[in-house]
Protein chains: 2
Amino acid sequence: MQIFARDGYSNASIAEVASTVGLTLPGLLHYFPSKTSMLLAVLELRDQQSQRWLGQGPATLEAAMLAPPVPWQQLLGQLRMINRANAAIPGVVRAFSLLNTESLTEHHPAQEWFSRRSTLVLGQVSRSLHQALERGEIADGIDPDQIAAEIMAMMDGLQVLWLRRPQQVDLVRYFDAYLDRLQAALQR
Amino acid sequence: MQIFARDGYSNASIAEVASTVGLTLPGLLHYFPSKTSMLLAVLELRDQQSQRWLGQGPATLEAAMLAPPVPWQQLLGQLRMINRANAAIPGVVRAFSLLNTESLTEHHPAQEWFSRRSTLVLGQVSRSLHQALERGEIADGIDPDQIAAEIMAMMDGLQVLWLRRPQQVDLVRYFDAYLDRLQAALQR
DNA sequence: GTCTATATGCGGATAGAC
DNA sequence: GTCTATCCGCATATAGAC
C-alpha cells in the first residue's frame, strides 16, 4: 500500500516492496506470485475495511444492492463519516486516487474493482434518493442518478485537490459544507 | 496526446508515438530530445488552447491573477462553456485526468504545471466570489475558497466518472445541474 | 532530417540450490 | 520459506552513417 500510494501501480516496483519488508524479490513472490496478485490483495484489504466502516450491513456488495435502501439522511451521514476517516489516512487515499484514474486505462488489473465500486456507490445513493422521492421526503424534480454521481465526483475530486494542496484544502470541512448545502436543497 | 491519453505519461512509450507518426524513435527524438520535453509540449499546447477559450483575457496566467476579477456570474458561465467543450474531446479530457493524478507523485514532470493550474483556477474563482461578497451580490457566510475548491473538484471528479461510465454520466447536464443549484444557493 | 545499430538500465518473473 | 543466479523484454537515450 505504501509503495502503491507513492508511485501508483504500474510505476511501482515490487523489488522495492520486497526490500522494504526485508525480503528479496523471489522471497516476496513466494507469497504473491505476481505483481497483479499483490494489487488485488491490497484492494481486497480495502473491501474488508469498507465493510467494517459500514457496520453490520449486508455481507457482500451484491447483497447490499438487493437489500432495502438506507434512508437518505443516514446514508449521507455515513458518507460524511467515511470522508472524515479518510482525512486521517492520506496514504490510503493517495493510493486509491492514483489507482482510480490509472485503472481507466485498458487491461488495468484494478479496472473491474473500480468499476464495481462505482456501480455500488452510485447505486446505493441513487436508490436511497429514489425511495425518498416516492415518500415525498425530498423535492420533486430531483434526479437521483445525477445527485449520486455528483456526490461521488465531489468525494473523489476533493481528495485529489486535498492531496495536492493539503494546506489550503480542508477535506472534512469542504465536503461537509457541500453536503450541508445539498441537503438543504433536497429538503426544500 | 493520443498516446498519453491512452496510457498516461509514465506508462506511455515514445517508440509507439514515433511509429504512430511514421518515424523511428531517433527520428522523433530529433524534434523532442526527451520524453519529458514531449510532455511539456503537450501541456503547452493545452495552455494555448485555454487562452483561446477564455477569449481576449490577459496574456499570461500571472497577468490574469493581477487583473480585476471577472464578475462571478460570467465566470461560472465560462466554466460551463469549458465543460461543454470538454465533453466533445474525451481523448483530451482523458489525457489530462490521467496526468492530473499521476502528477501527484514526486518528481513528476507535470507536477508544476498542474500545481500552477490549480493555483490559477482556485484563485480566479475565489477572487470573483470575494468581490461579489464585498458588493453584497451573494449571501453572507459564503467561503470563496471553499466554493472555488468545490467547483474545481466537481469538474475534475465528474470527468473521471464520465470517462468510466460515459453511458450513465452526462458530463454537461450533470455539471450544469450542479452549478444551477450552487448559483441559487449563492444568490439567496 | 532520418536512419541503423547499440549502449545501458530496470522491470517482472523463473530455475533451482539450500 | 528464502536465497543466488539468470532470463527476457522493453524502456529511454546516444553514436554515427547517410
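Within every chain, numbering begins at 1; the chains are lettered A, B, ... in the order of the sequence lines, protein sequences first and strands thereafter.
If you check every strand for non-hydrogen atoms under 4.0 Å, A:Ala18 touches nothing. Residue-level contact check: A:Leu23 touches the backbone only, with heavy atoms under 4.0 Å from sugar-phosphate atoms and none from bases. Within 4.0 Å of A:Leu25, counting heavy atoms only, lies at least one base atom of the nucleic acid.
Contact footprint of chain A on DNA chain D: nucleotides with an atom under 4.0 Å from a non-hydrogen protein atom, first to last in 5' to 3' order, D:dG1 to D:dA5.
Remark: A:Asp145 does not engage B:Arg165 in a salt bridge, criterion side-chain N to carboxylate O under 4.0 Å. B:Arg80 and B:Asp180 are joined by a salt bridge, as a carboxylate oxygen and a charged side-chain nitrogen come within less than 4.0 angstrom of each other.
With sequence neighbours excluded, the residues forming a side-chain hydrogen bond (donor to acceptor under 3.5 Å, both in side chains) with B:Glu137 are B:Trp72, listed by chain and number.
As rounded to whole Å, 5 Å separates atom P of C:dG12 from atom CD1 of A:Ile14. Between B:Leu29 atom CG and C:dA5 atom P there is a gap of 18 Å when expressed in whole angstrom units. As a whole-Å value, the separation of A:Leu28 CG from C:dT14 P is 13 Å. The distance between atom CE of A:Met38 and atom C1' of C:dG12, rounded to the nearest whole Å, is 13 Å.
How far CD1 of B:Ile14 is from CG of B:Leu25: 4.5 Å, rounded to the nearest 0.5 Å. Atom CZ of B:Arg94 sits about 9.0 Å away from atom CZ of B:Arg6, to the nearest 0.5 Å.
Tested against B:Phe96, the residues B:Phe4, B:Tyr9, B:Trp113 include a single ring-ring contact (aromatic ring centres under 6.0 Å, His included) partner, B:Trp113.
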